[in-house]
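Structure record follows, encoded as structure tokens.
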Amino acid sequence: MTATNDRFLRALRREPVDATPVWLMRQAGRYLPEYRATRAKAGSFMGLATNPELACEVTLQPLERFDLDAAILFSDILTIPDAMGLGLTFAEGEGPRFARPVRTAADIARLAVPDMGAELRYVTDAVSLIRRELGGRVPLIGFSGSPWTLACYMVEGGGSDNFSKVKSLAFSEPALMHQLLEVVTDSVIAYLSAQRAAGAQALMVFDTWGGVLAPHHYREFSLRYLTRIAQEFARGDGAERTPLILFGKGNAPYLEELAASGAEGVGVDWLVSLDEARRRIGGKVALQGNLDPVTLYASPDAIRAEVKRTLESYGPHPGHVFNLGHGLSPDMNPEHVKVLVNAVHDFSRAR
């Protein structure tokens with residue numbers, strides 16, 4: 001079933017659209033009271049993420065409030081390492097933690113690509129259910145964390161201020177780091193393929209921590225594997241091709257290389273103008289972004305002004321998907337999100 005509203009997919013193919021499509025990272029999340037109620041019903045974050053019916057419920061919630069042009073699967077980027085047996089938990093206010101971090105050659109040797117039909121069946125079941133419940137209303141986006149970003153959590157055992165453990169491993173024992181990244185990349189490709197088979201109409205890879213690396217290390221430990229995903233992830237041909245978007249915080253220095261990776265789209269944060277990004281990639285791929293999310297704390301008039309400026313920065317060219325430069329925060333006002341979404345459509349239609 002094709003989407004009734006296919007602006008998002010058309011923009012990723014760099015085709016003309018009647019209005020710029022918009023969706024928002026973390027559009028299903030804690031800023032919505034209905035999400036908080038469903039999460040309370042689930043009992044925990046992982047209880048919510050591993051229940052296909054509840055994951056479907058929260059995926060669809062923002063579409064009931066806002067005129068969004070895509071839905072994104074509600075899940076977490078750490079599902080792959082959890083399925084590898086690292087013991088993922090979420091402590092309130094502390095973020096994710098792994099009971100068994102990966103730090104030695106023996107730890108890495110024990111890792112294997114998870115069985116998508118067993119350990120991660122809850123994700124593909126959610127994708128199928130969401131796609132069915134959408135009924136063709138808008139396209140559904142599936143996603144994964146990037147190999148480098150997943151490795152950061154796997155080695156650190158959770159979040160980090162300076163990534164000392166994972167960087168130390170990468171710099172001191174690069175062959176071992178590449179061994180880890182290879183098995184994680186194999187897993188990401190299998191995971192994205194399973195989501196596509198279950199009904200995802202676009203896929204996104206979040207390289208949240210790629211920007212913490214120096215340029216030579218970024219190219220070795222992050223870009224190399226993003227490119228491998230873009231080139232090896234089989235996603236069809238022609239108009240039936242399932243587009244892949246690569247997003248990374250701090251990825252502006254590498255736009256030309258990301259555009260040459262084989263992906264259909266590149267997501268950018270707010271530290272590069274869309275005008276510059278578009279000129280540098282030469283129209284080779286679609287661009288997604290890139291409003292500073294903190295704009296949503298400002299007044300409605302200020303939000304509208306920044307939306308207009310962002311659209312004007314990209315200009316009257318095909319291939320733009322409007323988004324934030326990172327995700328929504330829990331204390332943001334849903335009414336301000338509505339202002340943003342409506343402004344994107346209103347200003348882009350008026351051009």
Side-chain angles (χ1 to χ4, degrees), residues 1-25 27 59 68-73 75 77 123-124 127-128 130-131 134 136-147 185 188-207 223 225-248 251 254-268 274 277-278 281-290 314 317-325 344:
M1 182 188 296
T2 57
T4 305
N5 170 2
D6 66 349
R7 286 185 196 124
F8 170 70
L9 296 175
R10 289 175 63 85
L12 287 175
R13 295 193 296 264
R14 305 190 306 284
E15 296 173 357
V17 290
D18 63 319
T20 299
V22 54
W23 71 276
L24 304 172
M25 288 183 270
Q27 64 189 28
T59 296
L68 295 158
D69 295 296
I72 183 166
L73 164 71
S75 187
I77 65 168
V123 176
T124 53
V127 170
S128 298
I130 296 162
R131 180 75 189 275
L134 280 170
R137 181 174 168 185
V138 295
L140 173 62
I141 306 166
F143 70 91
S144 172
S146 74
T185 301
V188 168
I189 292 170
Y191 189 48
L192 294 175
S193 298
Q195 291 182 49
R196 179 177 182 266
Q201 292 153 284
L203 284 306
M204 185 155 166
V205 175
F206 288 91
D207 190 29
L223 180 64
Y225 295 98
L226 293 173
T227 301
R228 206 189 124 203
I229 292 165
Q231 294 180 356
E232 295 183 17
F233 168 38
R235 50 194 187 277
D237 299 300
E240 300 304 311
R241 188 168 175 84
T242 304
L244 174 69
I245 305 166
L246 302 179
F247 168 77
N251 65 2
Y254 316 105
L255 292 178
E256 293 88 347
E257 292 154 285
L258 288 163
S261 67
E264 285 71 35
V266 174
V268 294
L274 289 181
R278 186 187 60 78
I281 66 170
K284 291 178 183 174
V285 299
L287 271 174
Q288 181 173 277
N290 70 334
Y314 189 85
H317 310 282
H320 180 212
V321 175
F322 197 102
N323 208 311
L324 303 173
V344 172

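Positions are given from 1 along the sequence.
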Open item on the list: Once rounded to the nearest 0.5 Å, what's the spacing between atom OH of Tyr254 and atom CG of Asp207?
Closed with: 10.5 Å

TODO: Could you check Asn290, Val344, Leu274 and say which one makes a side-chain contact (heavy atoms from CB on, under 4.5 Å) with Phe322?
DONE: Val344

TODO: Specify the closest pair of heavy atoms between Pro318 and Arg14, including all atoms of both residues, with the distance to one decimal.
DONE: CB-O, 3.4 Å

Open item on the list: Quick check: closest heavy atoms across Ala263 and Val285, and the distance to 0.1 Å?
Closed with: O-CG1, 3.2 Å

TODO: Kindly indicate, with the supporting measurements, whether the criterion side chain to side chain contact (heavy atoms under 4.5 Å, CB included) is fulfilled by Ile72 and Phe143.
DONE: CA-CA 8 Å; Ile72 183 166; Phe143 70 91; 4.0 Å; yes

Task: Within 6.0 angstrom of Asp18 CG, more than 12 heavy atoms from elsewhere - done: yes

- [ ] Evaluate the side-chain proximity of Leu140 to Gln201: yes if any heavy-atom separation is below 4.5 Å, no if none is.
- [x] yes

TODO: Of all the heavy-atom pairs spanning Ala230 and Gly262, show the shortest one and how long it is.
DONE: CB-C, 3.9 Å

Task: Sidechain-backbone polar pair: Arg137 side chain, Asn5 backbone, donor-acceptor under 3.5 Å - done: no

Open item on the list: Check the orientation of His320 and Tyr314. Use parallel for under 30°, tilted for 30 to 60°, and perpendicular for over 60°.
Closed with: parallel

Open item on the list: For the OG1 atom of Thr20 and the CZ atom of Phe8, what is their distance to the nearest 0.5 Å?
Closed with: 13.5 Å

Task: Residue among Leu73, Leu192, Ile141 satisfying side-chain contact (heavy atoms from CB on, under 4.5 Å) with Met204 - done: Ile141

- [ ] Could you pull out the closest heavy-atom pair between Gln27 and Ala71, with the gap in Å?
- [x] NE2-CA, 3.8 Å

Task: Distance (rounded to the nearest 0.5 Å) between Arg228 CZ and Ile189 CD1 - done: 4.5 Å

- [ ] Keeping the roles fixed (side chain from Asn251, backbone from Gly267), state whether a donor-acceptor pair exists under 3.5 Å.
- [x] yes

Open item on the list: Would the distance check show the side chain of Ser146 and the main-chain N or O of Val205 forming a donor-acceptor pair, the cut-off being under 3.5 Å?
Closed with: no

Open item on the list: Give me the atom names and distance for the closest heavy-atom approach of Thr185 to Pro147.
Closed with: OG1-CG, 3.2 Å

Task: Spacing of CG belonging to Leu12 relative to CD belonging to Gln288, to within rounding of 0.5 Å - done: 7.0 Å

Task: Considering all heavy atoms, the nearest Ala200-Val127 contact - done: N-CG1, 3.6 Å

Open item on the list: Working note: Leu287 + Ile281, criterion side chain to side chain contact (heavy atoms under 4.5 Å, CB included); need CA distance, chi angles, decisive distance, verdict.
Closed with: CA-CA 9 Å; Leu287 271 174; Ile281 66 170; 3.7 Å; yes

- [ ] Start with the C-alpha distance between Asn323 and Leu24, add both sets of side-chain angles, then the distance that settles side chain to side chain contact (heavy atoms under 4.5 Å, CB included), and finish with yes or no.
- [x] CA-CA 5 Å; Asn323 208 311; Leu24 304 172; 4.2 Å; yes

For a quick test of your reading: what N or O donor-acceptor pairs under 3.5 Å do the side chains of residues 238-247 make, sequence neighbours left out?
{"from": "Arg241", "atom 1": "NE", "to": "Glu264", "atom 2": "OE2", "distance (Å)": "2.7"}
{"from": "Arg241", "atom 1": "NH1", "to": "Gly236", "atom 2": "O", "distance (Å)": "2.7"}
{"from": "Arg241", "atom 1": "NH2", "to": "Glu264", "atom 2": "OE2", "distance (Å)": "3.4"}
{"from": "Thr242", "atom 1": "OG1", "to": "Arg196", "atom 2": "NE", "distance (Å)": "2.8"}

Open item on the list: What I'd like to find out is whether the side chain of Phe233 reaches to under 4.5 Å of the side chain of Leu203, using heavy atoms alone.
Closed with: yes

TODO: First locate atom CD1 of Ile229, then atom OG of Ser261, and finally report the distance between them rounded to the nearest 0.5 Å.
DONE: 10.0 Å

Open item on the list: Can you confirm whether Val268 sits close enough to Leu255 that some side-chain heavy atom of one is under 4.5 Å from a side-chain heavy atom of the other?
Closed with: yes

TODO: Please confirm whether the backbone N or O of Ala202 pairs with a side-chain atom of Arg235, one donor and one acceptor, at under 3.5 Å?
DONE: no

